[in-house]
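So the structure is just underneath, and the comments pick up after that.
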2 protein chains.
Amino acid sequence: MARSPHDTRRPLTLRDVSEASGVSEMTVSRVLRNRGDVSETTRERVLEAARRLGYVPNKIAGALASQRVNLVGVIIPSFSNLVFPEVLSGISAELENTGLQPVVGVTDYSAEKEERVLYEMLSWRPSGVIIAGLEHSGNARAMLENAGVPVVEIMDVDGAGVDAVVGISHRRAGRHMAEAIIAAGYRRIGFLGTKMPEDHRARKRLEGFNEGLAAAGIALVDTEFYSGGSALSKGREMTEAMLARSPDLDFLYYSNDMIGAGGLLYCLEKGFDVPGQLGLAGFNGVELLDGLPRKLATMDACRREIGRKAAQVVARRAGATADEAAGGVEEQVIELQPVIELGDTIRRP
Amino acid sequence: MARSPHDTRRPLTLRDVSEASGVSEMTVSRVLRNRGDVSETTRERVLEAARRLGYVPNKIAGALASQRVNLVGVIIPSFSNLVFPEVLSGISAELENTGLQPVVGVTDYSAEKEERVLYEMLSWRPSGVIIAGLEHSGNARAMLENAGVPVVEIMDVDGAGVDAVVGISHRRAGRHMAEAIIAAGYRRIGFLGTKMPEDHRARKRLEGFNEGLAAAGIALVDTEFYSGGSALSKGREMTEAMLARSPDLDFLYYSNDMIGAGGLLYCLEKGFDVPGQLGLAGFNGVELLDGLPRKLATMDACRREIGRKAAQVVARRAGATADEAAGGVEEQVIELQPVIELGDTIRRP
DNA sequence: CCCGGCTACGTTAGCGATAACAAGATGGGG
DNA sequence: CCCCATCTTGTTATCGCTAACGTAGCCGGG
């Protein structure tokens with residue numbers, strides 16, 4: 001509980017507990033970690049003393065001595081994009097009972113900052129690293145390769161990973177959406193997305209989308225990009241701008257659900273016939289948006305599942321010994337399959 | 001860069017770098033930390049060797065030796081509630097150039113889990129702790145008191161803090177909203193909120209709201225609570241249910257913007273006269289929702305700002321020596337003022 | 001030419017825990 | 001009654017790094 005009488009503010013150590021309970025530091029250590037044989041009576045004596053003093057073990061020292069760290073580094077581009085908190089939530093839930101703890105770093109979509117954050121993380125010798133994306137600077141890649149711990153690159157499987165990879169194919173996702181749109185009979189299609197060269201996944205989706213259209217002999221009629229601001233209202237504005245410019249469009253493909261929702265609200269207000277005259281689709285499948293007047297067509301990006309799976313991989317591998325980890329580097333790619341949800345904004349056959 | 005030829009997978013240490021560059025470990029340490037006097041030539045020689053080997057310092061050892069850790073523990077209830085990623089974003093931004101790094105733990109609104117997470121965090125001897133809320137278990141409170149590092153409790157100022165506190169008064173926020181609603185002439189008021197006894201802030205808002213109503217001789221006409229599911233569609237359902245039950249209501253106060261938005265969409269669809277016949281208000285001021293057909297009345301909870309301010313406090317105090325920190329415990333409460341935004345869903349005078 | 005005062009390093013001794021081994025108890029079988 | 005297996009506890013030696021102090025050179029002034 002509270003501090004003892006003679007509170008000199010010197011942080012407590014094993015020695016304090018050992019003196020208070022009349023056993024060696026080693027025995028205290030054993031009790032606190034539930035390791036090795038300790039008699040029931042001394043165990044209780046030790047626990048009582050630790051509780052009374054308010055002792056909190058020093059994992060720094062413990063980690064140094066045991067060469068074991070229960071931290072998993074997680075590197076994401078941003079907290080603002082709804083997607084990543086969801087991934088984190090999955091990781092956090094999955095790690096829950098493994099004794100591992102996530103440590104989060106943010107890159108703001110900057111490769112240089114990613115490098116710094118990664119360096120910082122590795123300097124804590126985590127048991128594993130989960131990092132968003134497959135595109136990293138040369139240095140970052142080298143660090144990941146030499147880290148000597150499991151590395152899981154998440155979100156995206158279109159490309160070569162360093163170690164394990166868990167995600168979806170954004171290229172294929174874009175392509176499938178194009179096919180679904182064409183199958184529904186739409187032909188004059190516009191694209192609305194973010195102005196982020198750093199967002200490789202959005203880029204790949206667009207590339208795949210264009211491939212899908214091309215395969216049917218179609219090309220995008222118009223495109224519009226934005227940056228910053230509230231996605232919902234940006235979606236509105238972009239939609240208005242694009243429809244003013246290209247009034248004959250019959251489909252709008254948005255690079256994410258939030259701007260798509262903005263567009264949907266705009267179209268409904270204007271009284272457009274959705275999905276008859278004008279179809280709409282977004283990407284991500286954010287649950288947040290269930291409850292809009294119509295359900296926006298989208299593809300679920302499996303965010304939480306990606307987090308869970310990635311955490312599973314790390315947990316399993318981190319359990320293995322270093323030798324196993326170094327030896328049988330079972331290179332693995334877990335590709336999840338996003339499912340198209342036509343919702344109410346794509347014509348049904 | 002990459003690993004050297006004879007890659008035995010033994011993690012690199014200062015000694016490797018010191019041997020590779022022909023100086024002592026201490027000198028390498030100095031170079032890598034930019035500390036003390038080192039001649040330009042040896043500095044470069046060392047840096048070159050470190051880079052060539054791909055050396056990453058071991059902060060565990062460093063922290064143990066120097067008794068300094070550049071981590072700040074951040075404990076939040078959940079990633080799913082939009083609010084907390086925003087706070088994190090503020091913390092992360094503010095810590096950016098201080099050399100400190102946030103480490104996040106999640107409690108799922110459980111006091112017991114909060115205790116575990118806190119224990120875990122403190123065992124890494126962070127330079128500071130930022131924790132959501134003022135309500136903690138006895139053990140947790142004791143740990144915070146004895147941690148010997150700056151502690152900042154965030155979000156809420158209605159209660160007694162352990163050390164520093166940064167947040168808003170939810171009680172007052174509720175009261176002010178009640179006053180604004182009454183001032184606008186509404187009288188028959190319903191409340192819709194979450195069924196979470198653990199969410200103390202929502203509870204305090206409701207209490208304040210009731211106080212505000214009581215001061216005008218009014219009482220809530222109806223209340224409805226939900227848990228789980230997508231907030232937007234829950235907002236819809238609850239609103240429908242409540243209006244079916246109490247059709248004579250003239251105002252609906254929602255405990256957060258997401259359910260409020262759901263309610264707003266429902267009301268607009270049904271063709272209710274908002275805000276004339278029926279007024280609506282939420283809480284949080286989530287920017288995400290800019291772009292709805294009408295702007296929902298709300299109060300900005302200053303989430304990002306809370307994060308920034310909390311991080312500032314930690315950064316400043318962590319800079320001070322332990323003695324200063326222990327001595328001049330400048331107990332401080334930073335109360336931010338949420339501003340009512342009437343939006344389009346409360347009648348204007 | 002000696003000495004004080006830099007500058008640029010090196011040495012020594014931990015930091016607080018754990019691994020690995022050592023060594024008292026304890027008890028049961030021969 | 002002795003010996004060895006079984007339990008339980010203690011000892012010793014790191015883990016990789018840094019604080020604090022020590023010490024060669026080197027310089028210039030008296």
Side-chain angles (χ1 to χ4, degrees), chain A residues 10-47 49-50 53-71 99 120 122-127 148 321-322, chain B residues 9-47 49-50 53 55-70 99 119-120 122-127 148 321-322:
Chain A
R10 186 178 48 70
L12 294 167
T13 74
L14 269 190
R15 154 154 264 112
D16 295 292
V17 181
S18 88
E19 283 170 357
S21 53
V23 299
S24 73
E25 299 176 36
M26 196 59 228
T27 298
V28 177
S29 171
R30 279 194 269 253
V31 170
L32 264 32
R33 287 178 302 147
N34 282 314
R35 201 151 298 190
D37 305 307
V38 182
S39 73
E40 196 48 41
T41 54
T42 57
R43 155 182 306 284
E44 264 159 31
R45 204 138 47 87
V46 168
L47 284 178
L53 296 176
Y55 173 71
V56 177
N58 185 331
K59 286 222 175 172
I60 297 179
L64 182 61
S66 68
Q67 308 280 27
R68 247 189 295 281
V69 179
N70 70 338
L71 300 176
E120 184 74 13
L122 290 181
S123 72
W124 285 99
R125 302 289 187 268
S127 291
T321 69
Chain B
R9 277 299 147 184
R10 185 178 46 71
L12 293 167
T13 73
L14 268 191
R15 154 154 263 112
D16 295 292
V17 182
S18 88
E19 283 171 358
S21 53
V23 298
S24 73
E25 298 177 37
M26 197 58 225
T27 300
V28 176
S29 171
R30 278 194 270 252
V31 170
L32 265 30
R33 287 178 301 145
N34 283 314
R35 202 151 299 192
D37 303 307
V38 183
S39 73
E40 196 48 41
T41 54
T42 55
R43 157 182 303 284
E44 265 160 30
R45 205 140 45 88
V46 168
L47 283 177
L53 296 176
Y55 173 72
V56 177
N58 184 331
K59 287 220 174 173
I60 297 179
L64 182 59
S66 68
Q67 307 280 30
R68 246 189 295 282
V69 179
N70 70 338
Y119 186 78
E120 184 75 13
L122 290 181
S123 73
W124 285 100
R125 302 289 188 265
S127 291
T321 68

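Chain A is the first sequence line, chain B the second, and so forth, proteins listed ahead of strands; every chain is numbered from 1. None of these values were measured; they are calculated from a predicted model.
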**Q.** Contact nearer the 5' end of DNA chain C, comparing B/Arg43 with A/Arg15
**A.** B/Arg43
Q | OH on B/Tyr119 to NZ on A/Lys59, rounded to 0.5 Å | A | 8.5 Å
Below 3.5 Å between N/O atoms, which protein atoms pair up with nucleotides 23-26 of chain C? Just atom names and distances, please.
none

Q: Taking side-chain contact (heavy atoms from CB on, under 4.5 Å) as the test, write out the residues that go with B/Ser66, two or more places apart.
A: B/Arg68
**Q.** Check: A/Gln67 and A/Arg125 side chains under 4.5 Å, non-hydrogen atoms
**A.** no
(Q) Just verifying a value: how many Å separate A/Glu19 CD and A/Ser24 OG, rounded to the nearest 0.5 Å? (A) 12.0 Å
Q | Partner residues of A/Arg43 under the side-chain contact (heavy atoms from CB on, under 4.5 Å) criterion, sequence neighbours left out | A | A/Val31, A/Asn34, A/Val38, A/Glu40, A/Leu47
Q.
Nearest 0.5 angstrom please: A/Arg45 CZ to A/Thr27 OG1, how far?
A. 10.0 Å
Q) Quick one: B/Asp37 CG to C/dA8 P, roughly how many Å, whole number? A) 6 Å
Q | From CG (B/Asn70) to OG (A/Ser123), nearest 0.5 Å | A | 7.0 Å
Q | side-chain contact (heavy atoms from CB on, under 4.5 Å) partner of A/Ser21, chosen from A/Val28, A/Leu53, A/Thr42 | A | A/Val28
**Q.** Sugar-phosphate only, base, or nothing, as touched by A/Asn58 at under 4.0 Å among non-hydrogen atoms
**A.** sugar-phosphate
(Q) Under 4.0 Å from OP1 or OP2 of C/dA19: is there any side-chain N or O of A/Arg68 that close? (A) yes
Q: Please list, chain by chain and in numerical order, all residues satisfying side-chain contact (heavy atoms from CB on, under 4.5 Å) with B/Leu64, sequence neighbours excluded.
A: A/Ile60, A/Ala61, A/Leu64
Q: Name the first nucleotide and the last nucleotide along DNA chain D (5' to 3') that come under 4.0 Å of a heavy atom in chain A.
A: D/dT8 to D/dG16
Q | Near-strand residues of residues 24-32 of chain B, defined as heavy-atom separation under 4.0 angstrom from DNA chain C | A | B/Ser24, B/Met26, B/Thr27, B/Arg30
Q. Taking atom C1' of C/dG16 as reference, at what distance in whole Å does atom CH2 of B/Trp124 sit?
A. 13 Å
**Q.** Integer-rounded Å distance: C/dA17 C1' and A/Ile60 CD1
**A.** 11 Å
(Q) What I'd like to find out is whether the side chain of A/Asp37 reaches to under 4.5 Å of the side chain of A/Arg30, using heavy atoms alone. (A) no
Q | Validation row: B/Trp124, A/Val69 side chains within 4.5 angstrom (heavy atoms) | A | yes
Q | Euclidean distance, atom CD of residue B/Glu19 to atom C1' of C/dG10 [Å, nearest integer] | A | 15 Å
